[in-house]
Amino acid sequence: MSSIRFQALREASNRKLIDFQESGRKSELFGSNVFNDKAMKQYLTSDAFKAVQGAVQHGTKIDRKLADYIAMGMKEWALNKGVTHYTHWFQPLTGTTAEKHDAFFETSYDGSDPLEKFGGAQLVQQEPDASSFPNGGIRNTFEARGYTAWDPTSPAFIFGTTLCIPTIFISYTGEALDNKIPLLRALSAMDEAATEVCKYFDKNVKKVTATLGWEQEYFLIDKSLANSRPDLIMTGRTLLGHTSAKGQQLDDHYFGSIPTRALTYMRDLEQECIVLGIPVKTRHNEVAPNQFEFAPIFEEANLAVDHNCLLMDIMHKVAERHDFKVLFHEKPFKGVNGSGKHNNWSLSTDTGVNLLSPSKTPMTNLQFLTFFINTIKAVNDYEALLRGAIATASNDHRLGANEAPPAIISVFIGEQLTKVLAELEGVSTGKLSPEEKTDLKLNVVGKIPDVLLDNTDRNRTSPFAFTGNKFEFRAVGSSANCSNAMTTLNTIVAKQLKDFKAAVDVLIESKDMKKDDAIFNVLREYIKQSKKILFEGDGYSDAWQKEAAKRGLSNFKTTPEALKARASKQAIDLFGEMGIMNHIELHARYEIELEEYTKKIQIEGRVLGDISKNHVIPTAIRYQNTLIENVKGLKNIFGSEFESIAKEQIILIKEISGHIEGINSKVEEMTEERKKANNLTDAQAMAEAYCNNVKPYFEVIRNHCDKLELLVDNELWTLTKYRELLLTK
């Protein structure tokens with residue numbers, strides 16, 4: 001078996017660079033495979049084009065007759081680009097995307113008159129088999145009917161020779177079976193609530209859009225090396241493996257010169273992204289060896305989520321061309337940094353204003369403070385829900401592991417903005433005097449742009465940090481679909497803005513306050529109520545854990561703990577009131593996420609047991625037999641003196657036996673705990689059993705295996721080692 005490892009090393013060392021030539025300027029190629037405004041103007045009638053624009057900008061429904069014209073134009077555009085099939089591209093509750101391809105090609109009943117056909121009915125709605133997708137009890141397994149419906153706010157695109165039409169996915173009874181529907185509802189709620197608040201400052205605002213810029217971290221490993229590791233292939237991470245002597249401790253990889261082979265992959269990937277309208281802009285080495293990052297320009301949140309899902313799929317496909325394996329797991333290697341997907345979130349108006357970016361006038365800065373403070377208040381009130389939105393088995397390895405934000409949700413705003421809030425907290429109750437109002441506007445609100453200019457430092461230990469003109473939700477996992485985090489964040493802020501508007505209106509109407517006085521009064525109370533969530537220090541420290549507990553902040557260190565918030569009364573009330581998800585849809589997601597956690601730990605346990613007993617132990621015994629033969633030979637030569645001469649070999653033989661016994665006994669115990677957990681019928685209880693009773697064996701078994709890796713002859717070891725996986729360029 002060790003021959004597989006060395007063959008993989010030879011293949012990786014002898015790789016030839018793929019010949020890749022860029023096709024032209026990115027500005028000319030951008031969106032060329034997207035049915036965007038430019039393509040629609042060319043292929044649609046003016047009425048059809050206006051219908052799509054109305055759906056995108058105002059959420060108006062598209063008439064079925066116009067849908068036929070849109071489908072006809074879309075088909076002609078696609079056929080002219082060599083497309084043969086179409087698919088409804090959707091995001092079921094698996095965390096990935098799904099698609100079923102149908103050919104445009106059709107014939108008449110007798111097989112004659114072949115033609116390419118695609119009408120409004122095929123565009124607007126399809127009926128894929130929904131029986132095998134996760135549903136969390138919404139439907140029975142024998143009920144196969146589910147519907148995909150066109151989402152015109154995310155443009156169709158061509159991938160390969162297939163026209164991909166972004167869609168929502170719903171059950172026969174109308175419940176959301178995907179990640180897109182709740183996100184779209186949350187974005188609509190945000191638009192409505194934020195627009196109403198904006199009218200305090202600018203009557204011309206008619207729409208507010210939530211924007212998202214994700215930062216996708218990932219590892220690139222040679223395909224042959226990755227395929228030689230059963231744990232990487234089946235679980236996405238290494239379940240065992242001793243750390244390399246050289247890892248990231250020299251800080252020489254971060255922002256360093258990108259390895260040539262990886263850079264060629266990135267250039268190829270960028271071109272694929274550009275023609276699909278994904279505005280990738282930044283690429284660089286990350287902290288760990290063979291770890292990298294891609295980041296785009298900000299986009300509307302729904303489109304940004306679609307683009308991130310598409311990017312992850314493209315990354316895998318382009319990697320195949322370059323003989324790479326892409327790893328999105330949050331912690332594929334022990335001892336080096338894991339990967340995240342920072343979600344940079346902000347709000348923009350249709351008048352071109354970023355609501356989280358201060359300007360030069362007190363009025364616009366008061367608007368900034370309104371949205372800034374309301375966001376902090378929302379996170380303060382719903383921090384447990386935000387933690388639940390990012391909870392997965394793989395992200396548990398990263399959160400709080402001294403390399404990523406801790407499992408405690410807190411907000412970092414910087415020293416200078418903390419002082420601004422302290423000034424606002426001192427605002428007088430009730431109506432403000434002219435002098436106080438002038439002082440506030442000139443010396444507090446008016447100076448915010450100057451404050452932010454100097455407030456450039458960032459707290460990398462903060463899970464939710466303000467970074468100048470946006471909030472960065474740093475705790476989202478690299479393998480995650482951004483929609484969970486974005487749905488929750490937009491919902492809680494929309495709810496908070498709705499409550500803020502009601503509170504201000506009460507002061508204006510019943511207390512006869514002027515608008516600015518009322519806003520200052522409400523913001524002052526929010527600052528007082530949100531102090532516990534603000535933290536500027538080291539999020540990794542033990543002191544913060546103790547302080548957070550005193551403040552009453554949640555600290556859910558495992559997914560089964562964190563997911564309880566997803567089905568809490570607070571969640572049901574919030575998502576129900578805001579029209580995002582009903583209790584059936586919420587509970588379904590809770591059940592699905594628990595089941596996914598359980599299955600992932602179950603798979604990892606089975607794989608670890610298999611590798612340790614069928615790879616590690618036989619290899620250790622083979623080397624031990626070599627040592628035994630050596631000791632026997634020394635005894636034959638030296639007689640009674642052999643024990644002193646073979647002292648080290650005998651110690652090694654005993655040490656190997658101890659680790660073999662440790663592996664065998666712990667794998668057996670782990671298997672028994674797995675059997676007990678499998679007999680449980682409650683999803684929460686089963687997930688907790690796997691978390692608390694099965695998973696703890698992983699580290700113990702790994703420790704024995706990793707010790708044997710150091711003891712056994714390198715020529716015999718079957719599993720590709722960390723130094724080979726991480727340092728082969």
Side-chain angles (χ1 to χ4, degrees), residues 93-96 134 179 212 214-219 231-232 235-239 286-288 291 293 305 308-309 312 326-345 379 383-410 460-465 472-489 539-540 554-566 589-590 592-604 687-688 690-692 695 698-699:
L93 298 173
T94 57
T96 58
N179 289 301
L212 168 64
W214 37 261
E215 301 170 22
Q216 181 67 61
E217 294 177 346
Y218 63 100
F219 281 84
D231 48 357
L232 267 183
T235 71
R237 75 180 183 103
T238 52
L239 297 172
E286 257 301 331
V287 173
Q291 187 187 32
E293 180 181 296
V305 169
N308 184 247
C309 292
M312 294 170 78
V326 177
L327 303 180
F328 289 121
H329 194 287
E330 284 76 4
K331 191 69 172 176
F333 302 104
K334 183 180 180 181
V336 297
N337 272 26
S339 298
K341 179 151 47 194
H342 303 166
N343 277 210
N344 295 283
W345 171 87
V379 175
E383 44 91 11
L385 278 185
L386 273 184
R387 172 65 180 92
I390 55 170
T392 63
S394 51
N395 211 19
D396 279 359
H397 292 280
R398 173 176 166 264
L399 294 180
N402 278 9
E403 62 178 66
I408 305 165
I409 299 295
S410 64
R460 300 190 69 84
T461 72
S462 175
F464 199 86
E472 184 179 19
F473 194 8
R474 296 173 51 82
V476 182
S478 52
S479 67
N481 184 319
C482 300
S483 58
N484 248 351
M486 285 295 101
T487 297
T488 303
L489 178 57
Y540 299 153
S554 63
N555 185 8
F556 302 129
K557 296 184 178 180
T558 68
T559 291
E561 281 184 284
L563 287 179
K564 290 177 182 177
R566 302 272 281 163
R589 281 155 176 75
Y590 166 66
I592 288 166
E593 288 162 6
L594 283 172
E595 186 178 355
E596 180 188 35
Y597 176 87
T598 296
K599 287 178 177 177
K600 285 190 173 180
I601 304 300
Q602 183 185 70
I603 291 168
E604 288 187 350
E688 289 175 353
Y690 265 94
C691 178
N692 301 324
K695 190 180 174 187
F698 290 7
E699 196 59 32

Fill in the blank from the handout: Note: N308 and C482 closest approach over all heavy atoms is OD1-SG, 3.8 Å

Problem - Side chains of Y597 and C691 in contact at under 4.5 Å (non-hydrogen atoms) - result: yes

Problem - Considering all heavy atoms, the nearest N481-C309 contact - result: ND2-SG, 3.4 Å

Handout entry: Approximate separation, where rounding is to 0.5 Å, of L386 CG and F473 CZ
Key = 4.5 Å

Problem - Pair K599 + E595: basic N to acidic O under 4.0 Å - result: yes

Exercise for the section: Enter the distance from T94:OG1 to N179:CG here, rounded to the nearest 0.5 Å. Expected result: 8.0 Å

Handout entry: Contact summary for A475 and R398, nearest pair of heavy atoms
Key = O-NH1, 3.3 Å

Fill in the blank from the handout: By side chain to side chain contact (heavy atoms under 4.5 Å, CB included), T235 pairs with (sequence neighbours left out) D231, R237, L239, I603, E604, V607

Handout entry: Distance (rounded to the nearest 0.5 Å) between S479 OG and L327 CG
Key = 11.0 Å

Handout entry: Sidechain-backbone polar pair: N395 side chain, I390 backbone, donor-acceptor under 3.5 Å
Key = yes

Practice task
Only counting residues at least two apart or in another chain, list the ones meeting side chain to side chain contact (heavy atoms under 4.5 Å, CB included) with S478.
Solution key: Q216, E330, S339

Completion exercise
Residue pairs passing the salt bridge (Lys or Arg N to Asp or Glu O under 4.0 Å) test with at least one member in residues 557-566, sequence neighbours excluded, are K564-E688, R566-E593

Exercise for the section: Identify the heavy atoms of I409 and P463 that sit nearest to each other, and give their distance. Expected result: CA-CG, 3.8 Å

Handout entry: CD on E217 to NZ on K341, rounded to 0.5 Å
Key = 10.5 Å

Fill in the blank from the handout: d(Y218 OH, M312 CE) to nearest 0.5 Å is 12.5 Å

Exercise for the section: If the plane angle is over 60° it's perpendicular, under 30° parallel, otherwise tilted; pick one for H397 and H329. Expected result: tilted

Handout entry: Side chain to side chain, L212 and N344, heavy atoms closer than 4.5 Å
Key = no

Handout entry: Closest non-hydrogen atom pair between P332 and G236, with its separation
Key = CB-O, 3.8 Å

Exercise for the section: Answer whether the closest heavy-atom distance between the side chains of F464 and L489 falls below 4.5 Å. Expected result: yes

Problem - Any side-chain heavy-atom pair of E383 and R387 under 4.5 Å - result: no

Problem - T559 side, atom OG1; I601 side, atom CD1 - distance, nearest 0.5 Å - result: 8.0 Å

Problem - Q291 side chain reached by V336 side chain, heavy atoms, under 4.5 Å - result: no

Fill in the blank from the handout: Note: G539 and T461 closest approach over all heavy atoms is N-OG1, 2.9 Å

Practice task
Starting from the C-alpha separation in whole Å, work towards a yes-or-no answer on side-chain contact (heavy atoms from CB on, under 4.5 Å) for E286 and E215.
Solution key: CA-CA 11 Å; E286 257 301 331; E215 301 170 22; over 6 Å; no

